[in-house]
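Scroll down for the structure; my scribbles are underneath it.
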Amino acid sequence: MMDVLYFAWVRERIGLPKEKIETQAATVAALIDELRAREERYAMAFSDLSALRVAVDQELTDFDAPLAGVREVAFFPPMTGG
Amino acid sequence: MMDVLYFAWVRERIGLPKEKIETQAATVAALIDELRAREERYAMAFSDLSALRVAVDQELTDFDAPLAGVREVAFFPPMTGG
Amino acid sequence: MAEDAGLRVVVQEEPFDFGAEAERFAAERSDMGAVVTFTGVVRDVTGGLEGMEIEHYPGMTEKALAKIAAEAQARWSLGEVLVIHRYGKMTAGERIMMVATAAPHRKNAFEAAEFLMDYLKSRAPFWKKERAEGGQSWVAAKDEDEAALDRW
Amino acid sequence: MAEDAGLRVVVQEEPFDFGAEAERFAAERSDMGAVVTFTGVVRDVTGGLEGMEIEHYPGMTEKALAKIAAEAQARWSLGEVLVIHRYGKMTAGERIMMVATAAPHRKNAFEAAEFLMDYLKSRAPFWKKERAEGGQSWVAAKDEDEAALDRW
């Protein structure tokens, strides 16, 4: 069981900011495959990975990051702070 | 007749901040030669030109700058503002 | 707010007082000769901007900023580092964020402030959305902002 | 004081209010996204500094600063430029000077501020003298400050 968070247009496309997900996915990429298979809005949100970034337990990482022991995964577009 | 100004240690060595000088010197370098010949303290102040800077009518310039029509010449060490 | 040896990171919704923060940061820094500040202002390029809304990732934001600030501090032997970043709604002319650095010499203070800004732009979890007459849209990340990181 | 299209140059003996000047400079800059300030502080490296005295060349100082500021403004398409520089006596921790730049984007604001500082260090007619327990001495110009100009 892990928290999956969505920000900015990813949140808007999926339609919620956060959900709890039961998954056996070994990596972020595997989790994305599961999400894409769920519903059209997930498939849309995850259609172009080059436009997405991921944080695992609040640290930026990449899509092949392992998920063992992870409590929180967040998906969002490239950041635009400053 | 022109005003000759001295700043920082040049002023201290020569012992005055400003004087009026009657000169026919065609360039700054020629003026320096005249000043050096005056007294020991001038010779001392102008002994190492690489340690000096010159402004003619309040614009930084170099030692071969012409003096025709000039009202004010200033000598000082490299600047240390900021 | 995270407060560490000379490190202050603030993430807040309400406006901050740039002048007072700059003053407080620079006050009595007799061991540091150089203080640099940067402030980002909501910019209305077309004159049609109604406002901006900044979303962030509570928890990660503070961690990411503290990490960037600590890295700058170590890398340039800085005396102090301050980072303030707002989220939520703001209008044109309002200040979005500021950074401040203090170092013995100007080169370090400038470089560290630029490093902070470059990292903060592309590595701290903030997302800007602009509201204009025609509607609202997420601000796209710029390639040049990502490229700016190569310098460090 | 020289005041021109977005150009303010102040040379004065009395202290200036850094926070208030920074605030005033940044206020309502809705056309400019980036504001950078630099402040130089009298630094007491050894703990033995009693004070500093800055001599300048009245008349030339204002002209040199206005020229440097106008050049920065033109070169980086700046919105506003502020330069304040003190002369006379000051003690450790007091602010000697400040510059501020406003530009649409951060890169220009940073570069212009660094350019201003580099030129001001070596091309504006100020000379620093330090007073310490052992006596007083003129601060020597640094080769690195002269070399910094090659960048521009």
Checklist line | Interface residues of residues 140-152 of chain C facing chain A - non-hydrogen atoms under 4.5 Å apart | finding: C/A140, C/A141
Notebook entry, point to check: Does the side chain of C/T91 come within less than 4.5 Å of C/V42's, by heavy atoms?
Noted result: no
Would you mind writing out the side-chain donor-acceptor pairs for residues 14-21 of chain C within the sub-3.5 Å range, not counting sequence neighbours?
| residue | atom | partner | partner atom | Å |
| --- | --- | --- | --- | --- |
| C/D17 | OD1 | C/G19 | N | 3.4 |
| C/D17 | OD1 | C/A20 | N | 3.1 |
| C/E21 | OE1 | C/R8 | NH2 | 2.5 |

Note to self: Only heavy atoms, only distances under 4.5 angstrom. Which residues in residues 96-105 of chain C are near chain A?
What the structure shows: C/I96, C/M97
Item checked: side chain to side chain donor-acceptor pair (under 3.5 Å) partners of C/E111, counting only residues at least two apart -> C/W76, C/K107
Margin query: Less than 3.5 Å apart, any donor N or O on the side chain of A/E34 or A/Y42 sitting next to an acceptor on the other?
Written below: no
Next item on the list: Output yes when C/D118 and C/K121 qualify as a salt bridge under the 4.0 Å nitrogen-oxygen rule, no when they do not.
Entry: no
Next item on the list: Would you please classify the geometry between the C/H56 ring and the C/Y87 ring as parallel, tilted or perpendicular, with 30° and 60° separating the classes?
Entry: parallel
Check: Is there side-chain contact between A/V10 and C/W127, with at least one heavy-atom pair below 4.5 Å?
Finding: no
Checklist line | Side chains of A/T80 and C/W138 in contact at under 4.5 Å (non-hydrogen atoms) | finding: no
Notebook entry, point to check: With a 4.5 Å heavy-atom cut-off, do A/F75 and A/L49 have their side chains touching?
Noted result: no
Checklist line | Partner chain C: residue of A/Q58, A/E12, A/R53 with the largest heavy-atom pair count (under 4.5 Å) | finding: A/Q58
Next item on the list: With a 4.5 angstrom heavy-atom cut-off, could you sort out which part of C/R86 is near chain A: side chain, backbone, both or neither?
Entry: neither
Checklist line | Which atoms of C/K63 approach chain A - backbone, side chain, both or neither, heavy atom under 4.5 Å | finding: side chain
Notebook entry, point to check: Is there a side-chain contact between C/E55 and A/R11, using heavy atoms and a 4.5 Å cut-off?
Noted result: yes
Notebook entry, point to check: Any side-chain heavy atom of A/E59 within less than 4.5 Å of one from C/K67?
Noted result: yes
Check: Non-hydrogen atoms of chain A under 4.5 Å away: do they reach the side chain of C/K129, the backbone, both or neither?
Finding: side chain
